[in-house]
Q: 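Here you go, one structure.
Side-chain atoms are counted along with the backbone in the values below, which use heavy atoms only and exclude waters and symmetry mates. A note on names: the letters A, B, ... follow the listed sequences, proteins ahead of strands, and every chain is numbered from 1.
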2 protein chains.
Amino acid sequence: MSLRHAVLGLLAESPSSGYDLLKMFDMSLANVWPATQSQVYGELAKLAADGLIQVTEEGPRGRKEYAITEEGRAELRRWIVEVEPNHVRRSDMLLRVFFLGQVDPGQARAYLRRQAELAAAEVARLEELARTLEGNEDDDLAVYGRLALEWGLRSSRMQREWAAWAEEQIR
Amino acid sequence: MSLRHAVLGLLAESPSSGYDLLKMFDMSLANVWPATQSQVYGELAKLAADGLIQVTEEGPRGRKEYAITEEGRAELRRWIVEVEPNHVRRSDMLLRVFFLGQVDPGQARAYLRRQAELAAAEVARLEELARTLEGNEDDDLAVYGRLALEWGLRSSRMQREWAAWAEEQIR
DNA sequence: GATGGACCTTCTAGTTTTGACATGTCGGCA
DNA sequence: TGCCGACATGTCAAAACTAGAAGGTCCATC
């Protein structure tokens, strides 16, 4: 049920249309909770039906602007403080590691080296993103988004170092 | 399509029944690629239909033992060396971080403190698991599983430290 | 010999996610 | 004026995942 709360959370920040939300998903939540068009529009309809959001304005091109209701805000807060995050995480990158015995050691090392490189590239990308965002701490999303970004940075560095270490282990 | 390759990978190690596989999923792949009964049995049927595995023995209680075929082994290797791991990762834990501005600072700090504690508990669990596995490096799965375990350990430590740091940031 | 626990498979019904397709409007500028 | 790119919503089918019900067999031990 997290997509629902992702939409609710964005609307809590400011009223928006489905199209606006889509852009926000792609820009700020892309690394945390990606969503497609069909998901976003579908969820907006359900949230409105449940009274957690409502249409506040109809603009050109059929644009509908939604705003969160008090009920929606309460549900969002409840979800943040009361619901335990589910920490099950799937990783096909790690799944491959389990089966590295099926390919020859050279290929296994190449695989890990490649993962180290991808992680390094991700570190660079996030550092660049951090620079872009610097000074821009006007809204909550930016402030807390910065914490999430730091997580990504630490996570990518960890992965880079782990992959280098793991490559060493294969002899 | 990773479930398919998870099953293939386990069968590459040794022929097994669906029931056996289920236990292996729960024991060794639980933290990397969890799977349910219905998924495993369904995938076994599809893999057999596609000729990537075959029934090698029918035992008591309707038990069917499957073994990987040469075709299956080739497909597994191809997946390991040629297919790029998809690095999109969803995290409702981080999603909440984005919206921490919606609750009061005390609750936000409590949330992060809780995440630090959960991560610390995970570190302890994995360290215990590592001790249990020590010396047991007879098969490939154990050797490479150890690399995955190390990833989990580093990841949990990183999360513990990040959460402590993030809590500090909120004032 | 009964009985409970481990073994073993199949099926169904629901939700979530993905990706593609379909449709149309507005605003700026060549 | 005509056209393109950005704006904007909606629907559909398929794949993946979740959760559990239902049914049956073997075996050790009491």
Q: Starting at atom CZ of A/Phe25, determine the distance to atom P of C/dT17, rounded to an integer number of angstrom.
A: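 About 10 Å, once rounded to whole Å.
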Q: Starting at atom OH of A/Tyr41, determine the distance to atom C1' of C/dG24, rounded to an integer number of angstrom.
A: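 About 12 Å, once rounded to whole Å.
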Q: Using whole Å, what does the distance between atom C1' of nucleotide C/dT25 and atom NZ of A/Lys64 come to?
A: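 In whole Å, C/dT25 C1' lies 15 Å from A/Lys64 NZ.
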Q: With no hydrogens and no angle check, is any side-chain donor or acceptor of A/Ser16 less than 3.5 Å from a backbone partner on A/Ser14?
A: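 Such a contact is found between A/Ser16 side chain and A/Ser14 backbone.
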Q: Nearest-Å distance, CG (B/Leu44) to P (C/dC8)?
A: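 The answer, rounded to whole Å, is 13 Å.
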Q: Tell me which residues in residues 31-39 of chain B put a heavy atom below 4.0 Å from DNA chain C, sorted by number, or none.
A: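 Per residue number, the list reads B/Gln37, B/Ser38.
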Q: Can you list, in residue-number order, the parts of residues 83-96 of chain B that come under 4.0 Å of DNA chain D, counting heavy atoms only?
A: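 When residues 83-96 of chain B is checked for heavy atoms under 4.0 Å from DNA chain D, there are no hits whatsoever.
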Q: So how far is it from B/Tyr144 OH to A/Leu100 CG, rounded to the nearest 0.5 Å?
A: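 It comes to 5.5 Å.
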Q: I'd like to know if B/Leu76 and B/Val81 are part of one continuous hydrophobic network [Ile/Leu/Val/Met/Phe/Trp/Tyr, side-chain heavy atoms within less than 4.5 Å].
A: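 Yes, because B/Val81 and B/Leu76 connect within a single hydrophobic cluster, where side-chain heavy atoms sit under 4.5 Å apart.
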Q: Distance from B/Met24 atom CE to A/Phe98 atom CZ, nearest 0.5 Å?
A: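 Those atoms lie 12.5 Å apart.
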Q: Would you mind checking if B/Asp50 and B/Lys46 are paired as a salt bridge, meaning a charged N to carboxylate O distance below 4.0 Å?
A: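 Looking at B/Lys46 and B/Asp50, the cut-off is not met.
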Q: Side-chain N or O of B/Lys46 versus OP1/OP2 of D/dA15: is the shortest distance under 4.0 Å?
A: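 Answer no for this pair, as no side-chain N or O of B/Lys46 is under 4.0 Å from OP1 or OP2.
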Q: Send over the distance from B/Glu57 CD to C/dC7 P, rounded to a whole Å.
A: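 Answer to the nearest Å: 16 Å.
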Q: What N/O pairs connect the protein and nucleotides 1-7 of chain D at under 3.5 Å? Give each pair on its own line.
A:
unit_1: D/dC7; atom_1: OP2; unit_2: A/Tyr19; atom_2: OH; d: 3.0

Q: Please confirm whether the backbone N or O of B/Lys64 pairs with a side-chain atom of B/Ser17, one donor and one acceptor, at under 3.5 Å?
A: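 Side chain of B/Ser17 to backbone of B/Lys64: no pair is present.
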Q: Should the pair B/His5 and B/Trp79 be assigned to parallel (<30°), tilted (30 to 60°) or perpendicular (>60°) ring geometry?
A: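 Ring orientation, 0 to 90° scale: parallel.
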Q: For a quick test of reading the model, state the closest non-hydrogen atom pair linking A/Ser2 to B/Leu95 and the distance between them.
A: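 Where A/Ser2 meets B/Leu95 most closely, the heavy atoms are O-CD2, 3.7 Å.
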Q: Of A/Arg78, A/Arg77, A/Arg73, which meets side-chain hydrogen bond (donor to acceptor under 3.5 Å, both in side chains) against A/Glu75?
A: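 Per the side-chain hydrogen bond (donor to acceptor under 3.5 Å, both in side chains) rule, the option paired with A/Glu75 is A/Arg78, out of A/Arg78, A/Arg77, A/Arg73.
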Q: Is it true that the NZ or CZ of A/Arg160 lies under 6.0 Å from the centre of A/Trp165's six-membered ring and within 45 degrees of the ring axis?
A: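 That pair does not qualify as a cation-pi contact.
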Q: Send over the distance from B/Leu47 CG to D/dA16 P, rounded to a whole Å.
A: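 One finds 12 Å between P of D/dA16 and CG of B/Leu47, rounded.
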Q: Without decimals, in angstroms, what is the distance between B/Glu58 CD and C/dC8 P?
A: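 Whole-Å distance recorded here is 13 Å.
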Q: Does the pair B/Arg113 and B/Glu167 meet the rule for a salt bridge (charged side-chain N to carboxylate O under 4.0 Å, His left out), with working shown?
A: CA-CA 7 Å; B/Arg113 197 156 44 245; B/Glu167 192 194 338; 2.5 Å; yes
